[in-house]
Amino acid sequence: MDPPNEFPDDFSSFPPIPFALFVPPENPNPNSNAAPIPNTVENPSSAHLLSFSVPKKRRRGRPHRVPTSFQLPPIPNGVFNSNNNGLASFSSSISAHSSRNNIEIPGSLARTMPDMSDEIIVINKESTAEALIALSAGFPADSLTEEEIDFGVIRIIGGIEQVNYILIRNHIIAKWRENVSNWVTKDIFIDSIPKHCHSLLDSTYKYLVSHGYINFGVAPAIKEKIPAEPSKPHVIVIGAGLAGLAAARQMMRFGFKVTVLEGRKRAGGRVYTKKMEGGIRVCAAADLGGSVLTGTLGNPLGIVARQLGYVLHKVRDRCPLYSFDGKPVDPDMDMKVETAFNQLLDKASRLRQLMGGVSVDVSLGAALETFWQVYGDAVNAEEMNMFNWHLANLEYANAGLISNLSLAFWDQDDPYDMGGDHCFLPGGNGRLVQALAENVPILYEKIVHTIRYGSDGVQVIAGSQVFEGDMALCTVPLGVLKSGSIKFIPELPQRKLDGIKRLGFGLLNKVAMLFPHVFWGTDLDTFGHLSDDSTRRGEFFLFYSYATVAGGPLLIALVAGEAAHKFESMPPTDAVTRVIQILKGIYEPQGISVPEPIQTVCTRWGSDPFSLGSYSNVAVGASGDDYDILAESVGDGRLFFAGEATNRRYPATMHGAFLSGLREAANMAHYANARALRIKINRNPSKNAHSCASLLADLFREPDLEFGSFSVIFCRRNADPKSTAILRVTFNEPRKKSHDSAKPDQQHSNKLLFQQLQSHFNQQQQLHVYTLLSRQQVLDLREVRGGDEMRLNYLCEKLGVKLVGRKGLGPTADSVIALIKAERGIRKPASTSLALKSGTSKLKAGTLKRKLVRKAKIMRHGNGSAPSANSNSVNDKVSDETKTTSQAPSNTLGSGKFEGFLTNLCHSMHIKKISGT
């Protein structure tokens, strides 16, 4: 769709919208055990949450008439009751969860763990309902998300503290959901949370507020929290879609100065509600882009609608089909083909399980075609047309050809579906956009073509204008990133470029038609039309009736799959003529006259330079990992990315875009706060020199990697293989015989000096020397065989780095130390480390383990480099808390005799003298 020539529509000028809420039969299928679906969406009750419909991606276009029941994870009986009868059961649940996620609980901790019945808190009698509400917001019932683990909400995974944290978290979320127009303060929970858990309440509340799980949106109580004048650095947001608006509002509330650059003349991006008019009395609000709120139980846009007092309209399940000649499809045959189609999808799911990793390179279309060739001989022409209709519906759900969709991962986001109804917003989703854009500083018609990012901040260039800021958030659609129309300086990391290339970005188009009156009836919201040409199966295959919600007689026809691409070049008059022919073929045999439309609009999302498509999908060769890769920040916390294509759980949805904006607002605030504290420390380096040394010693108590005498710390949020890590080499107690010791022919001249250094410090005290490496170099170093001697030789001769004392690392290391400390800042020192030794990353949960392993594999494919120890090119952060350590000050290591010894050693190893310890 070409950008409109007018500024954003004034939705307040619409006449009152007459619409009725229709309640469908409570159980249209006697064999279905699903709970009745309410017509309006309010705060869900626990009874409704226990079993709710899950609209799988395959059924996004046409509501499934036998809803799949969403089965909640089992919650042990009595766990969330007001008494403690079920605590032992929950203890078993936690233990089982820890076991299946490879979380190590040390034996000493297990032996000293007190009786859980004395420790687990009791907040109220509604804990089960609160757990279900939190589940609808994306939180698991008995474990933590990776985001929670990264934030450090608790000290040890899998213990009593985790149970109490989950209870407090669920309680806060549920309390806010009771009235989302209020600002929930921490103080209201003080009396209900035991005093010994108040520190846990602090971290829980801080996490939920900073990450946008509570107290977000457009309610007056929330808007008044935005300070009149910003007090924090300047953030530039590229794109005023839902992701950009969500992030901008959050950053403004956090106190940042925000500027939003939008290429169009309106906000909303791919969400666009156009006011269609015909004469004096006839008008309607047409959603030409994102239109359906999919899954409303935890949908944040549903919450925004509640704050605005809007009542959502459930898309009713009834969707009759009409043959290519206009005749109604026999309902029994309809059900038969739909059942067979879903069975083929199930067979495809089993096939990918049998194929394993090979299925990554196979398309869903190839699998379905293979199965259909086996079973398709027994069908007639009409059944074949119906089968093609379901393929078109599938291509609509994924905005992509089934021949391009990954068999392995096309539906990878299905497990995260929020559940609940599919809904229309009366008056169009532009009403949400208008509310979110209110008082946000948006500069329209600013077409960004260059983004520079570096240690000093960012420059965003639009036309001849240069906008400078501390950070930038890029929310442009994946299609724009694929086109390369925005130049990034320096170039984006290769792993992000590869992810952009792998993910698919499909197309969906629409024909919106405003008629003088409703001739199709108001007892349904959707109906379908079959084609006898498989290459045109997606052409006007589904019609949405907006007559009950748009304020006028509006009908929208969808164009999906291959037909959507051909539609881009089809003259609008030909498209409308074709649609009218279809409608006349359906309704005139029923004695219903089809009038000419008063106004029509044909979208061209594929040709729109600000979108170049509709929404993302998992193409052949891609996976859900690529959504995570697109979400990664670059430039050490200077350039961030948001949008539906960066949301692994909720891609291709409006709420997925919105949530990604809240996510990145939290990430940007984290980096900015850490940088602010680093600047504060750097202003008084002499005062804080010992603090930085203490921080370094404290961080290395729980290294991220450890192998032999080498240990490594790095920022876990930055998975770029070129990101900087700090390596420490420890000369301490006599070495045990290494299993990978060097063979006789692998001995080298440095071994004797290495042993001399070990021997000297066996009699004196521990020595730590350091250097900066990239994460890729660390992984390469870990793989060197032959023990510590060979690794030291590889480090100094192959990589050519110098080993220095703490002071010799310089300000670059201070930045890295500060960033890592800020990342771990919430965590309290644990008495027992859960680090996994022998060269594996320290993991905190099964999902985190898989994530780190995956990232490690990706890093191995590229070459990484890090700045030298004294460079200033690393932009990192500092923590808001500084720990002291009992370790002896490093300046006690020096003596004239030892200085000579080190000089001799370093000269022999062709490296500079170890200094500044």
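Counting heavy atoms from C-beta on, the side chains of I193 and I123 come closer than 4.5 Å. Looking at M418 and P300, their side chains come closer than 4.5 Å, going by heavy atoms from C-beta outward. F216 has its side chain out of reach of R249: every pair of non-hydrogen atoms, C-beta onward, lies at least 4.5 Å apart. Proximity of N164 to I160: side-chain heavy atoms (C-beta onward) are separated by under 4.5 Å at one or more points. The side-chain heavy atoms of F700 and I713, taken from C-beta on, include a pair separated by under 4.5 Å. T204 places none of its side-chain heavy atoms less than 4.5 Å from the side chain of V153. Side-chain contact between L144 and F139: absent, with no pair of heavy atoms (C-beta onward) separated by less than 4.5 Å. Taking 4.5 Å as the limit, some side-chain heavy atom of I168 sits within range of a side-chain heavy atom of I121.
Side-chain N or O atoms of R675 include one that pairs as donor or acceptor with a backbone N or O of G637 at under 3.5 Å. Using a distance-only test at 3.5 Å, with no hydrogens or angles considered, no donor-acceptor pair links the side chain of S660 to the main chain of A642.
Geometrically, R775 engages F714 in a cation-pi contact defined by less than 6.0 Å to the ring centre and at most 45° from the axis.
Between the CG atom of L301 and the CG atom of L659 there is a distance of 7.5 Å, given to the nearest 0.5 Å. The structure places CG of N170 at 8.0 Å from OG of S127, a figure rounded to the nearest 0.5 Å. For the atom pair I188 CD1 and Y205 OH, the distance stands at 8.0 Å (nearest 0.5 Å). Here the straight-line distance linking atom CH2 of W176 with atom CG of N215 works out to 6.5 Å at 0.5 Å rounding. Note that CZ of F640 and CE of M471 are 5.5 Å apart. Values are rounded to the nearest 0.5 Å.
Side chains of E664 and N667: a donor-acceptor N/O pair is present below 3.5 angstrom, by distance only. Residues N124 and E130 bring a donor and an acceptor atom of their side chains to less than 3.5 Å of each other. Defined by atom type and a distance below 3.5 Å, a donor-acceptor pair is missing between the side-chain atoms of Y627 and Q412. Using modelled atom types, one finds a donor on one side chain and an acceptor on the other under 3.5 Å when comparing Y213 with E147.
Q162 and I157 make their closest contact through OE1-CG2, 3.5 Å (heavy atoms, listed as atom of the first residue, atom of the second, distance). The shortest non-hydrogen separation linking V440 to A248 is CG1-CB, 3.9 Å. Taking every heavy atom of both residues into account, M252 and I226 meet most closely at O-CG2, 3.8 Å. In plain terms, the two heavy atoms of A665 and F254 that are nearest each other are O-CE1, 3.8 Å. Contact between Q250 and L662 at its shortest, heavy atoms only, is CG-CD2, 3.2 Å. Contact detail for S181 and A221: the closest heavy-atom pair is O-CB, 3.4 Å.
Using a cut-off of 4.0 Å between Lys/Arg side-chain N and Asp/Glu carboxylate O, R648 and D413 are scored as not salt-bridged.
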Practice prompt. With side chain to side chain donor-acceptor pair (under 3.5 Å) as the test, would you mind laying out the steps for S633 and R638 before giving the verdict?
Written response: CA-CA 7 Å; S633 62; R638 295 295 181 177; over 6 Å; no
Practice prompt. Quick one: do H234 and D470 satisfy side chain to side chain donor-acceptor pair (under 3.5 Å)? Show the steps, please.
Written response: CA-CA 5 Å; H234 187 198; D470 190 65; over 6 Å; no
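Taking the six-membered ring for Trp and thresholds of 30 and 60 degrees, F151 and H211 have ring planes more than 60 degrees apart, a perpendicular arrangement.
Each of D704, I820, V816 was scored for a side-chain contact (heavy atoms from CB on, under 4.5 Å) with L699, with one residue passing: I820.
Other residues, nucleotides and ligands place no more than 12 heavy atoms under 6.0 Å from the NZ atom of K257.
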